[in-house]
Amino acid sequence: AAALAGPDPGGSRRMGMVLFLASLAMLFGASIVAFAYLRLTSSALAGTDPVELPLEIYGSTAALVGAGLAMHWSSQSARRGNFPQLRRWLGWTWLLSALFVAIQTSAMLELLERHRGLEGTGIGNVYGMTFALIVVHALHVVGGMVPLSNLAWKGQRGRLDSEHLLSVRACAAYWHFLEAVWVLLLVAFYVFG
C-alpha cells in the first residue's frame with residue numbers, strides 16, 4: 001500500500017539533511033586533521049607551550065550541552081505530539097544556544113587577543129588556528145539558530161503542528177551534530193593544542 005501512495009514527501013528533505021551533515025563532517029574533519037598535522041609537524045611549533053583555552057570555553061560547553069538536551073526533549077515532545085512541551089523545549093534550546101554564542105564571543109575575543117600578542121611566533125599561529133576553528137563552529141551555531149528561531153517563534157504563537165515535525169527532527173540532528181563537532185574540537189585542542 002505504501003508503494004501505491006507514491007514517494008515519501010519528506011524523503012528528499014531527509015536525504016538533503018544527511019548530505020548537508022556529511023559535507024559539514026568533511027569540513028570539520030579536514031580542519032581538525034589539518035590542525036593536528038600542523039601542530040605535530042611544524043618545526044616552528046616544536047617545543048611551544050600548549051594553547052591555554054579561555055575559561056569561558058567551559059561555560060559555553062555547558063550551554064551547548066544544555067541546548068542539545070533541550071533539543072532532544074523538543075524532538076521527543078514533537079514525536080509524542082505534545083506541542084505545549086515542544087514550545088517550551090524549543091524556547092530553552094534557543095535561549096541556551098544564544099547563551100553559547102554570547103559566551104563564545106567573549107572566549108573568541110580573548111583568543112584573538114592572545115594571537116595578536118604572540119603574532120609572529122609559532123604558538124601565536126596556533127592561537128590563530130584555534131580561533132578560526134571556534135569561529136567556524138560558532139557561525140554554524142548561529143546559522144542553525146535561524147530555523148530554530150522560526151520554530152520557536154511559531155511555537156510561541158501556537159502555530160506548530162504535525163507538519164513541523166520533520167523540521168524539528170532536522171534541527172535536532174543538526175544540534176547533536178554541532179555538539180559532537182564541539183567535543184571533537186575540544187579534544188583536538190587538548191591533545192594537539
Side-chain angles (χ1 to χ4, degrees), residues 1-36 60-105 108 132-188:
L4 297 175
D8 178 13
S12 60
R13 288 178 64 191
R14 279 191 286 279
M15 179 56 75
M17 188 64 179
V18 167
L19 293 174
F20 175 64
L21 293 179
S23 67
L24 287 181
M26 286 187 270
L27 167 74
F28 282 109
S31 298
I32 290 169
V33 167
F35 177 80
S60 69
T61 300
L64 186 64
V65 168
L69 287 171
M71 193 67 234
H72 169 76
W73 290 113
S74 296
S75 181
Q76 294 299 314
S77 299
R79 208 171 269 145
R80 289 190 298 268
N82 188 335
F83 293 102
Q85 274 191 356
L86 173 59
R87 179 181 69 234
R88 194 170 24 260
W89 285 118
L90 285 172
W92 276 109
T93 304
W94 191 93
L95 284 172
L96 289 165
S97 300
L99 180 62
F100 171 81
V101 171
I103 296 171
Q104 282 291 80
T105 300
M108 288 185 290
L133 288 170
I134 291 174
V135 165
V136 170
H137 182 268
L139 289 173
H140 282 86
V141 172
V142 170
M145 288 183 71
V146 173
L148 176 63
S149 297
N150 184 40
L151 286 171
W153 182 81
K154 286 180 180 179
Q156 292 304 315
R157 280 150 186 74
R159 295 183 183 166
L160 284 178
D161 56 29
S162 58
E163 291 181 18
H164 297 95
L165 297 182
L166 190 57
S167 296
V168 171
R169 284 189 212 129
C171 274
Y174 185 68
W175 239 247
H176 296 318
F177 173 82
L178 289 177
E179 284 179 289
V181 166
W182 182 245
V183 168
L184 290 174
L185 283 172
L186 286 178
V187 168

### Task
Look at the rings of F100 and H137 and say which category their plane angle falls in: under 30° parallel, 30 to 60° tilted, over 60° perpendicular.
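Because their plane-to-plane angle is over 60°, the rings of F100 and H137 count as perpendicular.
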Identify the heavy atoms of [X] and [Y] that sit nearest to each other, and give their distance.
X	Y	value
F35	A188	CE2-O, 3.7 Å
H176	G68	CE1-O, 3.2 Å
S75	R169	OG-CG, 4.4 Å
G143	P147	O-CD, 3.3 Å
L90	S74	N-OG, 3.2 Å
W175	L148	CZ2-CD2, 4.0 Å

Could you grab the distance from atom [atom1] of [X] to atom [atom2] of [Y], nearest 0.5 Å is fine?
X	Y	atom1	atom2	answer
I32	L133	CD1	CG	7.0 Å
L184	S31	CG	OG	12.0 Å
F83	K154	CZ	NZ	12.5 Å
M108	I103	CE	CD1	11.5 Å
L151	C171	CG	SG	5.0 Å
L96	W89	CG	CH2	9.5 Å

Keeping the roles fixed (side chain from [X], backbone from [Y]), state whether a donor-acceptor pair exists under 3.5 Å.
X	Y	result
T93	M71	yes
Y174	M17	no
S23	F20	yes

### Task
Check step by step if ring pair (Phe, Tyr, Trp, His ring centres under 6.0 Å) holds for F177 and H140.
CA-CA 11 Å; F177 173 82; H140 282 86; 8.3 Å; no
### Task
Could you tell me which residues satisfy side-chain contact (heavy atoms from CB on, under 4.5 Å) with V18, sequence neighbours excluded, listed by chain and number?
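Applying side-chain contact (heavy atoms from CB on, under 4.5 Å) to V18 gives none.
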Under a 4.5 Å cut-off applied to non-hydrogen side-chain atoms, are [X] and [Y] in contact?
X	Y	answer
S167	R13	yes
W182	V65	no
Q104	V141	no
I134	L185	no

